Amino acid sequence: MATTERSAPSWAGRSVAPGGIVARMEFPRESIGLGRPAASVWASVVAVGSRRWYFGGVVSLIWLVNTGFDLYGQYPGLADRIIVTGLLGLYSAAFLAIPPTAWAMPHRFRLLLPTALWALSFAFFPWLGWDVTTLWAYVGVSAALCLLPFRLTLAYIAVLTAVTAFGIVQAGATGDAIFYFPALVASISLMMAAFGRVIGSMNQLRATQHEMARLAVEQERSRVARDMHDILGHSLTVITVKAELAGRLVESDPERAAKEITEVEELARGALADVRSTVAGYRGVSVASELVNARTALEAAGIEATLPGSVDVVPAVYRELFGWVLREGVTNVVRHSGATRCVVELGDRFVQVSDNGTGATDATAGSGLVGLRERAAAAGATMSTGSAAGGGFVLRVSA
């Protein structure tokens, strides 16, 4: 190794601040501030946000090129230049790789990476002596971009700043010059720590927006599934009953059979229209229309119906909910109860459907009652089910 005499300490003349990374840096959304590490180190290293970081990081490495030219001037020997070039390349690659690698690591291990970069800087000691402190701004930026709790990052930067000040003194600085470069290391590191957290917060907001959109899609799917069940369950039940009735009457009473078939056709068209409007999200249900439908369905099934004569007592805010209760309750009576009588009661804050059939069923077994319970809860009402006093099943929703 060449023994050319080193020049005077040159730290004060080198501006090695890696500030060029600010303009282009963006972090991978999968790992920044969300507590969810990337699937692997390699996945983090090649992520889109990491590639953008590399661009800004390479810009900041221009200052290492300046360090290289200074060393080439001081040590013209070929061996020195080859070794220095290799070390500069290794230091640069380590600096670029640390943030993406840290994002894929558990928090407790992340600071090992900038510490390793700090240790690597001492490989330049034979050429720079204590002027290796000029490389420690990169160490501070690496630590800042590990995105650890701010207090821990602040403590690490404070220790690095103190060690930098010690190195500057060892390099021969005196007076105000002792504070210049440590202050530069601290300010750049803190700036990058703050900037990283801003980007992390932005990505966390984006992730929250994506999660909200996903939940909205799930809620809409649940709504469509619930409405489709309610619409088709009710309509197809009535259609089935009327079709069976028409089949029995086709020979004994052709005129009534034709009437039943006409009503089946109308019900099918209505169900189709309801399905289309449900998919579009515009369908509404009213307790008045469902009373009419309930009477038609119960009569077709040969079930005696006791229904209220009007719905004036029901406030407008509950008419849609009570309509859904009537639809689901009457559908269950026709389909499952084996009842001969059904009673519907309406009040200003409740609706009740009861029958004299086979008794209570599990309210959580069918998707219809589960969906109805969800509707009631969304409207601030409560749903109860159970056995009627004289046998049969009772469905009640109270607001």
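Computed from a prediction, not measured in an experiment: that's the story for all the values here.
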Closest approach of P254 to V250 (non-hydrogen atoms, all atoms of both residues):
CG-O, 3.5 Å
Any non-hydrogen side-chain atom of T385 less than 4.5 Å from a side-chain atom of V394?
no
Within this structure, what is the CG-CG distance for the pair D70 and L128, rounded to the nearest 0.5 Å?
9.0 Å
I would like to know whether V353 and F393 meet side-chain contact (heavy atoms from CB on, under 4.5 Å); could you show each step before the answer?
CA-CA 8 Å; V353 180; F393 182 73; over 6 Å; no
Do T296 and K242 pass the side-chain contact (heavy atoms from CB on, under 4.5 Å) test, and can you show the C-alpha distance, the side-chain angles, and the key distance before you say yes or no?
CA-CA 10 Å; T296 300; K242 283 186 168 291; 3.7 Å; yes
Aromatic ring pairing W136/F122, orientation class (parallel under 30°, perpendicular over 60°, tilted between):
tilted
Side chains of N293 and E290 in contact at under 4.5 Å (non-hydrogen atoms):
yes
Do side-chain atoms of R341 reach the backbone of N356 as a donor and acceptor pair under 3.5 angstrom?
no
Do P182 and V185 have side chains that get closer than 4.5 Å, going by heavy atoms?
no
Less than 3.5 Å apart, any donor N or O on the side chain of N332 or E328 sitting next to an acceptor on the other?
yes
ILVMFWY cluster, V330 and V241 together (side-chain gap under 4.5 Å)
yes
Over 12 non-hydrogen atoms of neighbours within 6.0 angstrom of OH in Y72
yes
Could you tell me whether a side-chain N or O of Y91 sits under 3.5 Å from a main-chain N or O of G86, the two making a donor and an acceptor?
no
Output for pair (I157 CD1, S189 OG), nearest 0.5 Å, gives 4.5 Å
Looking at F350, is R396 sitting on its ring face, NZ or CZ under 6.0 Å from the six-membered ring centre and within 45 degrees of the normal?
yes
Of all the heavy-atom pairs spanning L298 and L307, show the shortest one and how long it is.
CD1-CD2, 4.5 Å
Is it true that K259 and E255 have a side-chain N and a carboxylate O under 4.0 angstrom from each other?
no
Would you confirm whether Y156, through its side chain, and T115, through its main-chain N or O, come within 3.5 Å as a donor-acceptor pair?
yes
Tell me, do L395 and L369 make a side-chain contact under 4.5 Å, heavy atoms counted?
yes
So, for V139 and P114, which heavy atoms are closest and what is the spacing to 0.1 Å?
CG1-O, 3.5 Å
Find out if a path of hydrophobic residues (ILVMFWY) with successive side-chain heavy-atom gaps under 4.5 Å connects W118 to L190.
no
Verify, without hydrogens or angle tests, whether R295 (side chain) and A305 (backbone) share a donor-acceptor contact under 3.5 angstrom.
no
For the pair T340 and E304, evaluate side-chain contact (heavy atoms from CB on, under 4.5 Å) and give the outcome as yes or no after the intermediate values.
CA-CA 6 Å; T340 60; E304 179 185 350; over 6 Å; no
Does atom CZ of R214 have more than 12 heavy-atom neighbours from other groups under 6.0 Å away?
yes
Counting only heavy atoms not in E251, do more than 12 sit closer than 6.0 Å to its CD atom?
no
Could you tell me whether the side chain of Y138 and the main chain of F95 form a donor-acceptor pair under 3.5 Å?
no
Please round to the nearest 0.5 Å and tell me the distance separating atom CD1 of I239 and atom CD1 of I261.
10.5 Å
Closest non-hydrogen contact found for S337 with V333 is OG-O, 2.5 Å
Could you tell me whether R81 atom CZ has more than 12 heavy atoms of other residues or ligands within 6.0 Å of it?
yes
Are the side chains of L96 and V58 in contact, using a 4.5 Å heavy-atom criterion?
yes
Taking atom CG of L135 and atom CG of L64, what is their separation to the nearest 0.5 Å?
6.0 Å
Are L291 and V334 joined in one hydrophobic group, where the rule is that I, L, V, M, F, W and Y side chains link up if heavy atoms are under 4.5 Å apart?
yes
List the steps, then state whether side-chain contact (heavy atoms from CB on, under 4.5 Å) holds for V344 with T306.
CA-CA 6 Å; V344 174; T306 302; over 6 Å; no
Is there a side-chain contact between V351 and Y318, using heavy atoms and a 4.5 Å cut-off?
no
Rounded to the nearest 0.5 Å, what separates atom OG1 in T174 from atom CD1 in I178?
6.5 Å
Answer yes or no: is there a side-chain heavy-atom contact under 4.5 Å between L90 and L120?
yes
Between W130 and G172 (side chain of the first, backbone of the second, donor and acceptor by atom type, cut-off under 3.5 Å), is there such a pair?
no
Can you tell if the side chain of T67 reaches within under 4.5 Å of the side chain of F124, non-hydrogen atoms only?
no
Hydrophobic clusters here meaning ILVMFWY residues chained together by side-chain heavy-atom distances under 4.5 Å, can you tell me if L154 and V159 are in one?
no
Between A376 and V397, which heavy-atom pair has the shortest distance, and what is it?
CB-CG1, 4.3 Å
Counting only N and O atoms by type, is there a donor-acceptor contact under 3.5 Å from the side chain of R110 to the main-chain atoms of M105?
yes
Measure across A143 and L111 and return the closest heavy-atom pair with its distance rounded to 0.1 Å.
CB-CD2, 4.2 Å
If I take atom OG1 from residue T85 and atom CG from residue L87, how far apart are they, to the nearest 0.5 angstrom?
9.0 Å
Shared ILVMFWY cluster between V317 and V314, side chains joined below 4.5 angstrom?
yes
